[in-house]
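Values below: all heavy atoms of this structure, side chains included; hydrogens, waters and symmetry mates excluded.
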Amino acid sequence: MTDDRIRAEETLVAWARIETWLKEHAPCTFERLPAPATEGELRSLEQDLDLTVPADVRAFYLVRNGTGPASDFDWPTSRDAPEPTGYFLPDGEGVGPLENLGTWFEGPVAAERLDDEPGQRYLPITTIDPDGFYGSFVDCTPGQGYGLLGDYAEADFPDLGEATFAAYLTEVANALSEGRGFGGDGAPRVVDGRLDWR
């Protein structure tokens, strides 16, 4: 089995565990998970941004187009909008829908690409709010770092890490099932049926 296939399988297993936990413990979050993205939508994103989405990230999007409805990743237009449920990952991050990634791609992760590394392709996939100024990216640049996650912030250069998206989701699933913290965050808590991990 290839590395890509292994990462895709690890993603599917970890995400299934996360959804099982959400269904049992955080039903409001579970019920607002979006439908899958399509292979056509992924190919369109790749063509528009001139990159190849890593297999583990692709596998996730073919199950869910983000961690919450698209409306969670747009600024509310009404006070009647429901409380966002899509930002339930550690640090209050959420995986954005494909339609937001192109805009985020031109945000903080673009500085290095535009100035010094025109071939660099860091694709933001998580954020803490609809602006997409803070979160995590996956390296889609061909070469040694391809498929690794990193952190980005509005006033800092992107920082490439050592973990893949599949490994990240596996650790999230482990922390949920064990009821423990993740990184600097405390144990996950549920508020009104929503997972709130901030």
Side-chain angles (χ1 to χ4, degrees), residues 8 11-46 48-49 53-54 56-109 123-138 140 149 151-152 154 165-166 168-173 175-177 182 185 188-198:
T11 297
L12 296 176
V13 168
W15 186 252
R17 291 174 59 208
I18 291 168
E19 284 206 16
T20 298
W21 191 96
L22 292 174
K23 188 174 185 178
E24 183 176 342
H25 301 283
C28 289
T29 300
F30 176 78
E31 289 166 9
R32 295 191 78 220
L33 290 171
T38 66
E39 187 63 48
E41 289 169 330
L42 280 159
R43 282 196 302 270
S44 178
L45 177 80
E46 290 175 324
D48 290 346
L49 303 183
V53 175
D56 48 358
V57 176
R58 173 178 247 98
F60 169 81
Y61 275 104
L62 291 173
V63 174
R64 298 288 183 183
N65 188 12
T67 52
S71 60
D72 282 1
F73 296 89
D74 292 325
W75 287 112
T77 56
S78 165
R79 291 184 182 194
D80 299 327
E83 185 74 26
T85 56
Y87 301 96
F88 66 80
L89 295 172
D91 293 326
E93 291 187 5
V95 177
L98 285 179
E99 55 264 31
N100 290 56
L101 305 190
T103 302
W104 298 346
F105 183 75
E106 296 305 328
V109 298
L123 179 65
I125 56 173
T126 74
T127 186
I128 60 170
D129 64 38
D131 283 333
F133 288 160
Y134 302 89
S136 299
F137 65 86
V138 61
C140 297
L149 293 179
D151 297 318
Y152 70 92
E154 183 177 16
F165 188 62
Y168 168 74
L169 288 182
T170 298
E171 282 304 306
V172 169
L176 282 173
S177 66
F182 185 100
D185 288 343
R189 63 191 183 112
V190 176
V191 179
D192 297 326
R194 294 178 294 109
L195 174 56
D196 185 355
W197 208 339
R198 286 180 266 194

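A heavy-atom distance below 4.5 Å is not found between the side chains of Leu89 and Trp197. A 4.5 Å side-chain heavy-atom check between Phe60 and Val57 finds every atom pair outside the cut-off. The closest side-chain heavy-atom distance from Val138 to Val53 is not below 4.5 Å. Counting heavy atoms from C-beta on, the side chains of Leu123 and Cys140 come closer than 4.5 Å. Annotation: side chain of Phe30 is not in contact with side chain of Thr20 (no heavy-atom distance under 4.5 Å). Looking at Glu39 and Leu62, their side chains come closer than 4.5 Å, going by heavy atoms from C-beta outward. Using a 4.5 Å heavy-atom threshold, the side chains of Thr127 and Glu93 count as separate. In this structure, the side chains of Pro188 and Leu176 come closer than 4.5 Å at one or more pairs of heavy atoms.
The main-chain N or O of Gly40 is never found under 3.5 Å from a side-chain atom of Ser44 such that the two would form a donor-acceptor pair. Put simply, the side chain of Arg64 gets close to the backbone of Pro34: a donor and an acceptor are under 3.5 Å apart.
Residues passing the salt bridge (Lys or Arg N to Asp or Glu O under 4.0 Å) test with Asp74: none are found, sequence neighbours excluded. By the side chain to side chain contact (heavy atoms under 4.5 Å, CB included) test, Asp196 pairs with Arg189, Val191, Arg198, sequence neighbours left out.
Closest approach of Arg194 to Cys28, counting heavy atoms only: CG-CB, 4.0 Å. Annotation for Pro90 and Val172: closest pair CD-CG2, 3.9 Å, computed over non-hydrogen atoms. In terms of heavy-atom proximity, Thr67 sits nearest to Leu33 at O-CD2, 3.4 Å. Looking at every heavy atom in both residues, Asn65 comes nearest to Ala37 through CB-N, 3.8 Å. Considering every non-hydrogen atom in both Ala70 and Glu99, the closest pair reads CB-OE2, 3.7 Å. Residue Gly132 comes nearest to Pro108 through the heavy atom pair O-CD, 3.9 Å, listed as atom of the first residue, atom of the second, then distance.
Rounded to the nearest 0.5 angstrom, Ser136 OG and Asp151 CG are separated by 4.5 Å. Rounded to the nearest 0.5 angstrom, Phe73 CZ and Tyr87 OH are separated by 5.0 Å. Note that CG of Leu149 and OH of Tyr168 are 8.5 Å apart. Values are rounded to the nearest 0.5 Å. Remark: Leu22 CG to Glu31 CD distance equals 11.0 Å, nearest 0.5 Å. With values rounded to the nearest 0.5 angstrom, Asp72 atom CG is found 10.5 Å from Phe88 atom CZ. Rounded to the nearest 0.5 Å, atoms CG (Leu101) and CG (Asp48) are 11.5 Å apart.
Side chains of Trp75 and Asp131: a donor on one and an acceptor on the other come within 3.5 Å.
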Q: Could you walk me through whether Arg58 and Glu46 pass salt bridge (charged side-chain N to carboxylate O under 4.0 Å, His left out), step by step?
A: CA-CA 11 Å; Arg58 173 178 247 98; Glu46 290 175 324; 2.9 Å; yes
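For Tyr152 and Tyr134, the gap between ring centers reaches or exceeds 6.0 Å. Aromatic ring centres of Phe137 and Phe165: separated by at least 6.0 Å.
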